[in-house]
Visitor: 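Take a look at this one; I'll ask things after.
Letters go in sequence order (proteins before strands), and every chain restarts at 1.
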Amino acid sequence: MRRTDNSAPTPPDRTLADVPLEEEVVLVRMDVAGDDVESLLERGIVPGCKLCPIRHAPAGGPTVYRVDGALVALRKETAACLCVRSALEAAGVLASN
Amino acid sequence: MNGGTPSATLVVDPAEGNGAAQGRAPLVALVGPPNSGKSTLFNHLTGLRQRVANYPGVTVERRSGQVSLPTGPVEVIDLPGVHGLSPRSLDQMVTRDVLLGEQEGARQPDAVVLVLDATQLNSHLMVAEPVLGLGLPALVVLTMADELDRREGALRVSRLSGELGVEVALVNARDRATLEPVHRFLKALHTGGEEVRACPIVVAADHVEGHGAGRPLPMIDLFAARRERARALGRSAGFQAPRLSRSTQRLDALVLHRLWGPLIFAGVVALVFQAIFAWAVPLMDGTEAAIAASGDLVRTVLPESWFRSLLIDGVWAGVGSVVVFLPQILILFLFIAVLEDSGYMARAAVIADRLMHRVGLQGKSFLPLLSAYACAVPAIMSARTVEDERDRIATIFVAPFMTCSARLPVYALLIAAFIPAQPMLGPFFGQRAAVLVGLYALGLVAAIGTAAILKGTLLKGRPVPFVMELPPYRLPSVRSVGARLLDRAKVFVRRVGKVILTVTVVLWVLTQLPVTPDGETPPISDSALGRVGHVIEPVIEPLGFDWRIGIGLVTSLAAREVIVGTLGTIYGIENQDSQDFELQAALQRDLDLGAAVALLIFFVFALQCMSTVAVMRRETGGWRWPILQFTYMLLLAYVGAWAANAIL
């Protein structure tokens with residue numbers, strides 16, 4: 001299943017909002033406007049970090065993610081601005097380079 | 001880069017008057033991310049020898065205290081929790097300016113104690129770079145040693161110290177012995193020991209001076225690189241991240257559960273309400289009785305004079321109006337401290353976020369709005385945790401619509417006088433209770449509507465990411481809860497006390513003037529205050545109010561409940577025991593049902609509280625918002641009361 005044959009990185013087609021619970025993903029791109037992104041960056045949510053959704057708050061509220069051993073809750077709108085790739089896939093791309 | 005040695009930019013502000021003016025004790029700043037255990041360390045070091053004040057001109061609190069060591073005293077300041085030093089938020093700006101010696105009213109620290117949570121070392125080390133890079137002598141304190149151990153994490157402290165070039169101490173706040181390296185570092189500030197040294201990291205201009213304009217992308221790269229360096233540092237220090245706390249996971253499964261989550265949330269809110277409105281009542285009654293009794297005692301001791309009147313009817317009444325709320329405010333603060341320190345408050349914000357977001361606010365607005373049911377003043381101050389400025393302004397703008405406890409005596413008086421005690425839904429829910437619930441609901445609806453209007457107009461803007469950290473659940477310590485309770489109470493009394501006392505004394509003066517030809521104080525209707533009542537009578541007549549209510553409305557600007565006492569004075573009610581009953585009878589004579597409901601509605605909406613106005617000015621840094629808020633709420637009150645009077 002590992003994409004070792006493809007040297008060009010596949011365009012990330014998923015956002016963090018689409019990731020099911022308990023699947024670990026790697027952040028590849030952040031489409032958050034301007035300075036707003038800083039509150040995420042400061043908490044270690046930067047390209048290359050691993051995120052894992054572990055719990056949805058009731059009634060469509062924010063989702064709790066595991067980031068670097070800490071728990072951080074993000075709204076769906078914010079998660080939808082973060083492009084991710086599954087951790088396994090990312091490891092494969094890295095291995096191929 | 002760093003503007004020279006610390007002493008070159010040392011600023012001693014003589015106006016500060018808190019001992020720093022002596023300029024002799026070394027000054028140490030505690031810096032670190034929120035929830036890193038910084039304040040716990042501060043409490044352990046300074047005990048109860050703490051002071052809370054604001055940095056001049058800004059709303060950021062300045063907590064300072066002294067540590068007495070055999071070698072001499074050391075002054076410690078606890079800086080706000082920050083994730084970095086960029087000027088993204090006021091807290092970060094102040095922290096940076098204090099560390100650089102550029103903050104007005106604060107001298108540059110001689111050393112920094114950087115406090116990081118050992119269980120989150122990778123992300124917390126990202127703060128180390130900008131802070132240590134300032135070149136101040138530093139000690140890195142890693143907290144939560146016990147938790148790191150329990151959750152099977154690992155770390156080689158000596159290696160991290162070698163990598164950073166400064167001393168590193170792994171501590172556990174519940175075990176004083178582990179704090180020994182911190183004391184050693186503080187002592188070395190006197191003795192010039194080798195523990196005191198600066199980190200040799202060289203910091204790029206970006207970290208200190210913020211991000212230059214026209215470079216949108218490098219910010220992400222900058223942080224990605226910083227994170228990579230932090231992880232590399234962690235790796236070379238043999239850091240093994242601990243597993244997630246099992247108890248936290250188990251509790252979260254319950255607290256954020258689809259069904260149980262909202263139920264627990266509702267239960268906690270109900271408990272807070274029960275505490276501040278039911279359990280606080282005997283304490284408040286006791287306090288009120290004590291104030292009245294002490295006033296009476298002074299009255300019998302002092303001869304009759306203008307001075308006695310000023311002391312009792314001005315100062316005593318003013319102080320009394322503040323102190324009477326203290327038990328309730330303390331109980332509220334106790335709950336908030338326990339909920340915050342235990343970690344539940346962050347979960348409550350997550351649960352509330354969905355609902356709050358819909359009306360243009362956010363999860364972190366929940367705590368201020370809940371507090372506002374006791375008093376808008378601490379509510380407005382607690383809104384500092386709302387990072388986004390637009391959300392914070394919207395939150396504090398609508399907070400005074402929440403039914404604060406100062407409104408209750410007014411509601412109680414009018415409801416008892418005009419609403420019959422008839423059952424509505426069973427024996428426990430009568431018409432009176434229904435009206436009271438209705439008044440609460442009306443305030444809430446006004447708050448929601450106003451928030452939505454504000455976020456659609458004046459505070460319109462791109463929604464900012466909502467990032468809420470969920471700290472592990474911890475058992476709150478008596479020490480830290482106690483310290484918080486004490487300093488919150490001090491700040492409350494200082495903020496509210498000054499304003500209420502001033503307004504009460506001014507109103508007292510207005511009741512004493514002009515002196516009659518035979519040197520007596522005038523009857524209240526002829527006094528300056530009475531004339532104000534007559535002057536505004538034509539304006540309030542459409543609401544069904546006469547000049548007496550007018551005087552009451554003016555005096556209630558000191559604090560809403562003051563109107564009850566004022567009306568008592570105006571109607572010449574002398575007998576304290578039957579005051580409530582006589583006042584009700586007098587109001588029934590003077591007001592019809594329409595006017596009574598109009599008065600209730602007026603109190604739901606109007607910002608009859610100068611302390612709130614003063615705090616708004618302070619927290620928004622100018623008069624614009626408080627003036628707008630006062631005018632808006634007054635207009636709403638006027639129109640609402642007019643409509644009620646016209647319809648009924």
Visitor: For A/Asp68, what residues pass the salt bridge (charged side-chain N to carboxylate O under 4.0 Å, His left out) criterion, not counting sequence neighbours?
Guide: B/Arg227, B/Arg231
Visitor: So which of A/Gly60, A/Pro47, A/Cys81, A/Ala57 has the biggest tally of heavy-atom pairs under 4.5 Å with chain B?
Guide: A/Gly60
Visitor: Where does B/Glu387 contact chain A at under 4.5 Å (heavy atoms): side chain, backbone, both or neither?
Guide: side chain
Visitor: Is it the side chain or the backbone of B/Asp252 that comes within 4.5 Å of chain A heavy atoms, both, or neither?
Guide: both
Visitor: Do A/Arg43 and B/His83 come close enough that some side-chain heavy atom pair is under 4.5 Å?
Guide: yes
Visitor: Distance check, rounded to the nearest 0.5 Å: A/Glu42 atom CD versus B/Leu85 atom CG?
Guide: 9.0 Å
Visitor: What part of B/Ala352 gets closer than 4.5 Å to chain A, counting heavy atoms only: side chain, backbone, both or neither?
Guide: neither
Visitor: For A/Arg75, is it the side chain, the backbone, both, or neither that has a heavy atom closer than 4.5 Å to a heavy atom of chain B?
Guide: both
Visitor: So what's closer than 4.5 Å to chain B heavy atoms on A/Val67: side chain, backbone, both or neither?
Guide: neither
Visitor: Above 12 or not: heavy atoms from other molecules or residues under 6.0 Å from CZ of B/Arg156?
Guide: no
Visitor: Take B/Arg347 and A/Leu71 through the side-chain contact (heavy atoms from CB on, under 4.5 Å) test and state the conclusion after the steps.
Guide: CA-CA 11 Å; B/Arg347 274 80 183 175; A/Leu71 299 176; 4.1 Å; yes
Visitor: Is it the side chain or the backbone of B/His124 that comes within 4.5 Å of chain A heavy atoms, both, or neither?
Guide: neither
Visitor: Could you walk me through whether A/Glu38 and B/Ser86 pass the side-chain hydrogen bond (donor to acceptor under 3.5 Å, both in side chains) check?
Guide: CA-CA 9 Å; A/Glu38 203 168 339; B/Ser86 80; 2.3 Å; yes
Visitor: Can you tell me how far CD of B/Gln249 sits from CZ of A/Arg55, rounded to the nearest 0.5 angstrom?
Guide: 6.5 Å
Visitor: Who wins among B/Glu469, B/Gln362, B/His357 for the most heavy-atom pairs under 4.5 Å with chain A?
Guide: B/His357
Visitor: With a 6.0 Å cut-off (strictly less than), is the heavy-atom count around CG of B/Leu355, excluding the residue itself, greater than 12?
Guide: no
Visitor: What part of B/Ser245 lies closer than 4.5 angstrom to a heavy atom of chain A: side chain, backbone, both or neither?
Guide: neither
Visitor: Can you list everything that forms a salt bridge (charged side-chain N to carboxylate O under 4.0 Å, His left out) with A/Glu22? Sequence neighbours excluded, please.
Guide: none
Visitor: What residue in A/Val72, A/Leu41, A/Val46, A/Thr78 has the most heavy-atom pairs under 4.5 Å with chain B?
Guide: A/Leu41
Visitor: With heavy-atom distances below 4.5 Å as the criterion, would you say the side chains of B/Ile351 and A/Pro58 are in contact?
Guide: yes
Visitor: Relative to chain A, which of B/Gly261, B/Pro472, B/Pro465, B/Ser123 shows the most heavy atom pairs under 4.5 Å?
Guide: B/Pro465
Visitor: Using a cut-off of under 4.5 Å on heavy-atom pairs, state which of B/Pro471, B/Ala253, B/Ala346, B/Ala349 scores highest against chain A.
Guide: B/Ala253
